[in-house]
Amino acid sequence: MQVVKEFLNGVFILTASPFNDDRGRFVKTYHVDIFKEFGFETDWREEFYSKSKKNVVRGMHYQSSPKQHSKMVYCLQGRVLDVVLDIRNGSPTYGKHVSFEISDDGCEIVLIPPGFAHGFCALTDDAILQYKVSTVYSPEHDMGILWSSFGCVWPTDRPILSARDKQLPNFSDIGVPFHYGN
């Protein structure tokens with residue numbers, strides 16, 4: 001497992017080293033000592049996965065204080081365009097986003113600290129994304145930003161969205177959910 005790149009002051013991509021043979025593939029997605037060495041989250045509280053059809057857009061989601069969380073994301077099947085938006089007021093990258101493709105072939109692992117909204121667009125049918133989070137889901141702290149309101153160029157002109165995600169506020173209307181450095 002190795003750190004490939006840091007994005008947006010705290011968002012990292014790791015790559016896992018898969019073991020492939022005639023049976024298939026074996027991939028280690030988490031190693032506590034490696035995560036601790038780089039100062040990454042090591043205390044995961046919940047884990048989820050989503051299965052999405054091509055052109056499904058999920059996001060942009062975050063959990064507000066005091067239930068904010070770090071997130072670890074990787075693609076178990078297919079390919080997705082993963083998107084992370086800095087919503088930490090005072091951050092040098094506030095309001096900036098980064099997008100990158102992650103896939104089951106590439107073995108990329110995205111590490112997202114508190115203060116970022118996260119979403120993705122499925123690029124293939126039956127894309128499966130796995131999430132680990134550092135706090136338990138809290139409905140009253142579950143927040144989001146309208147997927148089309150912060151300048152991201154999404155890879156579809158016909159997104160499939162949940163009713164909730166269609167109604168999320170614009171980025172310019174969310175206020176200040178996080179402060180940089182806190």
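To the nearest 0.5 angstrom, Phe48 atom CZ is 9.0 Å from Lys71 atom NZ. Distance check, rounded to the nearest 0.5 Å: OG of Ser70 to CG of Leu111 gives 8.5 Å. To the nearest 0.5 angstrom, Met60 atom CE is 8.5 Å from His97 atom NE2. In this structure, the separation between OG on Ser17 and CZ on Phe26 is 12.0 Å, given to the nearest 0.5 Å.
Ring orientation note: the planes of Trp154 and Phe150 are nearly perpendicular, at an angle over 60° on the 30°/60° scale. The aromatic rings of His118 and Tyr131 stand perpendicular to each other, their planes meeting at an angle above 60°, with 30° marking the opposite boundary.
Looking at every heavy atom in both residues, Gly106 comes nearest to Thr15 through O-CG2, 4.4 Å. A pairwise comparison of heavy atoms in Gly144 and Ile174 identifies O-CG2, 4.4 Å as the closest pair. Contact record, Thr124 with Gly78: OG1-CA, 3.3 Å, taken as the closest heavy-atom pair. Listed here is the closest heavy atom pair of Gln63 and Val136: NE2-O, 3.2 Å. Between Glu108 and Ile13, the shortest heavy-atom contact is CB-CG2, 4.1 Å. What you find for Leu123 and Lys54 is that their closest heavy atoms are O-CE, 3.5 Å.
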The test is side-chain contact (heavy atoms from CB on, under 4.5 Å); show your working for Asp126 and Gln77 and say whether it passes. CA-CA 7 Å; Asp126 297 328; Gln77 180 175 300; 3.3 Å; yes
Tell me, with the steps shown, if Tyr180 and Asn9 meet side chain to side chain donor-acceptor pair (under 3.5 Å). CA-CA 10 Å; Tyr180 183 65; Asn9 191 16; 2.5 Å; yes
Take Cys121 and Thr156 through the test side-chain contact (heavy atoms from CB on, under 4.5 Å) and record every step on the way to the result. CA-CA 8 Å; Cys121 178; Thr156 180; 4.0 Å; yes
Does Tyr62 form a side-chain contact (heavy atoms from CB on, under 4.5 Å) with Ile87? I'd like the steps, not just the answer. CA-CA 10 Å; Tyr62 64 95; Ile87 56 174; 3.6 Å; yes
One pair to check against side-chain contact (heavy atoms from CB on, under 4.5 Å): Val83 and Cys152. What are the steps and the verdict? CA-CA 8 Å; Val83 180; Cys152 182; 4.0 Å; yes
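Connection of Met143 to Leu85 is established within a shared hydrophobic cluster, with ILVMFWY side chains joined at heavy-atom distances below 4.5 Å, either directly or through further cluster members. Put simply, Leu161 and Val80 are part of two different groups of oily side chains (I, L, V, M, F, W, Y) that touch within less than 4.5 Å, one to the next. A single hydrophobic cluster is not seen to contain both Phe19 and Leu76; linkage of ILVMFWY side chains at heavy-atom distances under 4.5 Å, directly or through other members, places them apart. In terms of hydrophobic clustering, with Ile, Leu, Val, Met, Phe, Trp and Tyr side chains grouped at heavy-atom distances under 4.5 Å, Leu8 and Ile112 are assigned to a common cluster. The hydrophobic cluster containing Trp44 does not contain Val27, counting ILVMFWY residues as joined when their side-chain heavy atoms lie under 4.5 angstrom apart, directly or transitively.
Looking at Asp86 and Thr93, their side chains do bring a donor and an acceptor atom within 3.5 Å of each other. Using modelled atom types and a 3.5 Å distance limit, the side chains of His69 and Thr135 yield a donor-acceptor pair. Looking only at atom types and distance, the side chain of Arg158 has no donor-acceptor partner in the side chain of Asn55 under 3.5 Å away. Side-chain contact of Arg58 with Ser162: a donor-acceptor pair under 3.5 Å is absent, judged by distance alone.
Proximity of a side-chain donor or acceptor of Gln130 to a complementary backbone N or O of Val73 within less than 3.5 Å is not detected. No donor-acceptor distance shorter than 3.5 angstrom exists from the side chain of Thr42 to the backbone of Lys36, with no hydrogens or angles considered. In terms of modelled atom types and a separation under 3.5 Å, the side chain of Ser65 and the main chain of Gln68 share no donor-acceptor contact.
Other residues, nucleotides and ligands place no more than 12 heavy atoms under 6.0 Å from the OH atom of Tyr49. Heavy atoms from other residues, nucleotides or ligands lying under 6.0 Å from CZ of Arg164 number more than 12.
Side-chain contact between Pro159 and Trp147 is present, with heavy atoms from C-beta onward closer than 4.5 Å. Val32 is not listed as a side-chain neighbour of Ile34, based on a closest heavy-atom distance of 4.5 Å or more. Counting only heavy atoms from C-beta outward, the side chains of Leu146 and Asp165 never approach each other to under 4.5 Å. Annotation: side chain of Phe38 is not in contact with side chain of Phe12 (no heavy-atom distance under 4.5 Å). Using a 4.5 Å cut-off on side-chain heavy atoms (C-beta onward), Val11 and Pro113 make contact. Contact of the Val57 side chain with the Ile160 side chain is not registered, since no non-hydrogen atoms from C-beta on lie closer than 4.5 Å. A heavy-atom distance below 4.5 Å is not found between the side chains of Glu41 and Met72. Residues Cys107 and Arg25 form a side-chain contact, since some pair of their non-hydrogen atoms from C-beta on lies under 4.5 Å apart.
Between Asp125 and Arg79, none of the side-chain N atoms (NZ, or NE/NH1/NH2) sits under 4.0 Å from a carboxylate O, so this pair counts as no salt bridge.
Ring centroid separation for the pair Tyr74 and Phe120 does not come in under the 6.0 Å cut-off. Aromatic ring centres of Phe40 and Phe35 lie closer together than 6.0 Å.
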